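Below, read A as the first sequence line, B as the second, and so on, with proteins coming before strands; counting in each chain starts at 1. All values derive from a computational prediction rather than experimental measurement.
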Amino acid sequence: MEIKKVKRSEDYSAWYNNLVKHADLAEHSAVKGCMVIKPYGYAIWETMQAELDRRFKETGHQNAYFPLFIPKSFFSKEASHVDGFAKECAVVTHYRLKVDENTREIVVDPDAKLDEELIVRPTSETIIWNTYRDWIQSYRDLPILINQWANVVRWEMRTRLFLRTAEFLWQEGHTAHATAEEAIAETKQMLEVYADFAENILAVPVIKGVKTPNERFAGALDTYCIEGLMQDGKALQMGTSHFLGQNFAKAFDVKYVTKENTKEYVWATSWGVSTRLMGALIMSHSDDEGLVLPPRLAPIQVVIVPIFRKEAEQSLVMEKADAYFAALKAAGIRVKLDARDNQSPGFKFAEYELKGVPVRIAIGPRDVTNGTVEVARRDTKEKQVMAETDLVHKIEHLLEQIQTNLYQKALDYRTEHITAVNTWDEFKDILENKTGFVSAHWDGTSETEQKIKEETKATIRCIPLNNHLEEGVCVYSGKPSTQRVLFAKAY
RNA sequence: CGGGGUGUAGCGUAGCCUGGUAUCGCGCCACAUUUGGGAUGUGGAGGUCGUAGGUUCGAAUCCUGCCACCCCGACCA
């Protein structure tokens with residue numbers, strides 16, 4: 001496999017595209033802004049799904065499925081929601097094609113116009129809350145805790161593989177509660193679930209915070225988020241959890257009868273993460289050799305590469321390789337034995353590095369004689385010869401070490417790239433030269449936030465949860481401020 | 001959607017200015033020798049040159065439209 005080498009340090013964006021393509025994660029499709037997720041990339045996504053799905057169920061949620069199409073009228077029922085999404089909606093206007101009698105081409109049949117256009121969902125709050133109206137009568141029907149795995153469409157101007165595509169895969173949780181307190185608790189709980197998943201599975205440290213009104217979800221009272229920092233110093237929003245108040249209940253007239261026999265509007269949350277997490281994963285750990293996967297997410301955690309010259313060696317080596325394979329598999333490790341005899345070991349080494357396989361075990365005649373294996377780890381590129389004794393435990397331990405090391409490396413990078421500044425010059429200088437998060441006082445106004453965005457392209461990523469309060473002056477306006485917030489350039 | 005660039009075999013490319021149906025490398029197939037960091041040799045297959053038109057005796061090459069992608073903007077819960 002001849003791959004074009006693009007250095008991460010020279011052109012981050014080209015490096016990223018090159019990596020996604022050559023690690024066999026995804027490729028551009030014939031449809032503008034839409035990608036094909038290839039089997040290897042999809043296997044990683046499936047692992048993410050499995051981990052998240054388990055966490056959702058552990059916190060009491062059930063999966064369900066709602067339609068891809070939403071009647072246009074539903075969108076206009078919540079004013080700020082329609083404002084937020086109107087500009088990027090795909091619309092279905094007809095339901096039939098026909099052959100044009102003159103040109104013989106397939107054309108839209110003008111007689112097949114829909115009475116009411118259908119919107120291809122950009123998110124499902126409206127169709128779901130329209131449904132919840134029929135599901136909820138009494139406080140006894142609450143809470144409703146539902147998640148949906150789905151695809152959504154947002155007609156973006158400019159797309160990038162995984163980070164922003166016109167169609168993407170995600171999950172969206174939609175819950176209904178009797179009280180504001182309960183809904184807020186749910187919103188925060190799901191933020192914790194996301195943070196736990198990001199840090200313990202993706203090995204990406206995240207900052208938990210709340211969005212400013214400018215950056216809020218269209219229709220939410222509060223948007224909580226987890227923000228990651230990529231290797232090029234740009235921030236990436238990795239997940240959001242919204243407290244929707246009674247906005248959607250009011251828009252869709254969803255009321256319940258309380259114990260006291262009064263009628264109240266229902267309180268709502270929604271929360272989601274998407275295939276964008278694939279982008280986060282790639283941009284957090286990978287290097288010039290290719291993808292680097294945390295073991296807990298890797299479709300292949302360990303690859304065994306047998307090395308042999310003659311047939312006599314082959315049978316000896318393969319006997320051992322088969323035994324290791326069986327032992328590792330029995331221990332629940334996702335292991336692959338690459339017995340192809342038409343590729344050299346060197347080729348295989350490079351290939352599995354490109355694909356980010358965390359641990360490689362090479363075994364040749366020398367090892368068979370000595371009772372050893374050569375173990376190489378992807379994260380540090382270190383190789384060591386290990387005695388075969390207790391191999392499974394050693395590998396299990398190594399996988400854990402790699403998982404921890406990747407997280408620690410990412411955490412160190414992020415810690416170095418959170419810079420507190422007190423002056424406007426410093427603010428601009430850090431954003432431009434050091435990059436990363438800038439922690440600065442802000443006067444709390446949308447105007448200042450907007451001005452800063454116009455002048456520096458940096459946005460307020462979040463107001464960190466449990467932020468400590470301190471007196472200060474806004475780095476831009478000089479007006480009084482009570483806390484620092486995190487700014488960054490973002491994807 | 002505005003400015004710039006690119007599009008030739010699965011991938012990366014030469015040829016384009018100065019028109020005559022296409023170059024090289026990797027990959028692929030067969031055989032042999034190989035295999036501890038991207039093997040070597042020999043033979044072979046694979047292209048309506050992004051697409052639709054136009055100019056021309058003749059278009060990868062010149063002209064126009066369209067499509068896709070990349071970079072910079074605008075946009076982006």
Between N or O atoms, less than 3.5 Å apart, protein on one side and nucleotides 5-9 of chain B on the other: list the pairs.
none

Between the protein and nucleotides 72-75 of chain B, which nitrogen or oxygen pairs come in under 3.5 angstrom?
| residue | atom | partner | partner atom | Å |
| --- | --- | --- | --- | --- |
| B:C72 | OP2 | A:R158 | NH2 | 2.7 |
| B:G73 | OP1 | A:K457 | NZ | 3.2 |
| B:G73 | N7 | A:R158 | NH1 | 3.4 |

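In this entry the distance linking CZ of A:R309 with C1' of B:G36 reads 7 Å, nearest Å. Rounded to an integer number of Å, the gap from CG of A:D24 to C1' of B:C11 is 12 Å. A straight line from OH of A:Y12 to P of B:C71 spans 14 Å, rounded to a whole angstrom. Taking atom OH of residue A:Y16 and atom C1' of nucleotide B:C69, one finds them 15 Å apart after rounding to whole Å. Atom pair A:E313:CD and B:U35:P shows a separation of 8 Å (rounding to whole Å applied). Counting to the nearest Å, the C1' atom of B:G38 and the CD atom of A:E289 are 12 Å from each other. Atom CG in A:N18 sits roughly 12 Å away from atom P in B:C71 (whole-Å rounding). Taking atom CZ of residue A:F308 and atom C1' of nucleotide B:U33, one finds them 15 Å apart after rounding to whole Å.
At a threshold of 4.0 Å, the pair A:E227-A:K208 does not count as salt-bridged, since none of the basic side-chain nitrogens sits closer than that to a carboxylate oxygen. Ion pairing between a basic and an acidic side chain is recognised when a charged N comes within 4.0 Å of a carboxylate O; A:K320 and A:D367 show no such pairing. A salt bridge links A:K310 with A:E313: at least one charged nitrogen is closer than 4.0 Å to a carboxylate oxygen. With respect to A:R378 and A:E353, no salt bridge is recorded, no charged nitrogen being found less than 4.0 Å from a carboxylate O.
Residue A:F243 is classed as having no contact, given no heavy-atom separation below 4.0 Å to the nucleic acid. Contacts of A:E353 with the nucleic acid, taken as non-hydrogen atoms under 4.0 Å apart, include base atoms. Note on A:W170: a base of the nucleic acid sits closer than 4.0 angstrom, heavy atoms only. Residue contacts for A:G239: at a heavy-atom cut-off of 4.0 Å it reaches no nucleic acid atom on any strand shown.
For B:G47 and B:C24, the C1' atoms lie 15 Å apart once the distance is rounded to whole Å. Nucleotides B:U23 and B:C16 are separated by 14 Å at their C1' atoms, to the nearest Å. Comparing the C1' positions of B:U13 and B:C49 gives a spacing of 13 Å, expressed to the nearest Å. Atom name C1', nucleotides B:G20 and B:G10: the rounded distance is 30 Å, in whole Å.
For A:S344, the side-chain contact (heavy atoms from CB on, under 4.5 Å) partners at least two apart in sequence or on another chain are A:F347. In this view, A:Y12 and A:W15 satisfy the ring-ring contact (aromatic ring centres under 6.0 Å, His included) rule, not counting sequence neighbours.
Both A:F85 and A:Q314 sit near RNA chain B, but only A:Q314 has its closest nucleotide nearer the 5' end. Toward the 5′ end of RNA chain B lies the nearest nucleotide of A:S344, the other residue of the pair A:C34 and A:S344 mapping further downstream.
Ring centers of A:W129 and A:F66: at least 6.0 Å apart, outside the cut-off.
Under 4.0 angstrom from either OP1 or OP2 of B:G12 there lies at least one side-chain N or O belonging to A:K21. For the OP1/OP2 pair of B:C70 and a distance below 4.0 Å, the side-chain nitrogens and oxygens of A:H28 include at least one atom meeting the criterion.
Within the cation-pi definition used here (under 6.0 Å to the ring centroid, within 45° of the axis), A:K355 qualifies as a partner of A:Y40. Under a cutoff of 6.0 Å and an axis angle of 45°, A:R360 and A:F349 form a cation-pi pair.
No hydrogens or angles considered: a donor-acceptor pair under 3.5 Å links the side chains of A:T175 and A:T269. A side-chain donor-acceptor contact under 3.5 Å links A:E78 and A:S80.
For residues 364-382 of chain A, proximity to RNA chain B is found at A:G364, A:P365, A:R366, A:D367, A:E374, defined as any non-hydrogen atom under 4.0 angstrom from a strand atom.
A donor N or O paired with an acceptor N or O is found under 3.5 Å between the base of B:G37 and the side-chain atoms of A:K383.
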>> If a pair means Watson-Crick or G-U wobble with both distances below 3.5 Å, what does RNA chain B look like in dot-bracket form, with | marking bases paired to a different strand?
In response: ((((((((.[[[..)....(...]]].((((((.....)))))).....[[[[[..)....]]]]])))))))....
> Do A:K336 and A:Q301 pass the side chain to side chain donor-acceptor pair (under 3.5 Å) test, and can you show the C-alpha distance, the side-chain angles, and the key distance before you say yes or no?
Replying inline: CA-CA 8 Å; A:K336 174 178 173 174; A:Q301 295 172 310; over 6 Å; no
> Hey, mind stepping through A:F75 and A:H81 against ring-ring contact (aromatic ring centres under 6.0 Å, His included) and telling me if it holds?
Replying inline: CA-CA 7 Å; A:F75 264 83; A:H81 191 67; 5.8 Å; yes
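The side chain of A:R360 sits closest to B:G37 out of B:C28, B:G37, B:U35.
With A:E289 as the partner, the side chain to side chain contact (heavy atoms under 4.5 Å, CB included) test is satisfied by one option alone out of A:V292, A:L291, A:D287: A:D287. Of the residues listed (A:K451, A:E447, A:E449), the one engaging A:Y476 in a side chain to side chain contact (heavy atoms under 4.5 Å, CB included) is A:K451, and it is the only one.
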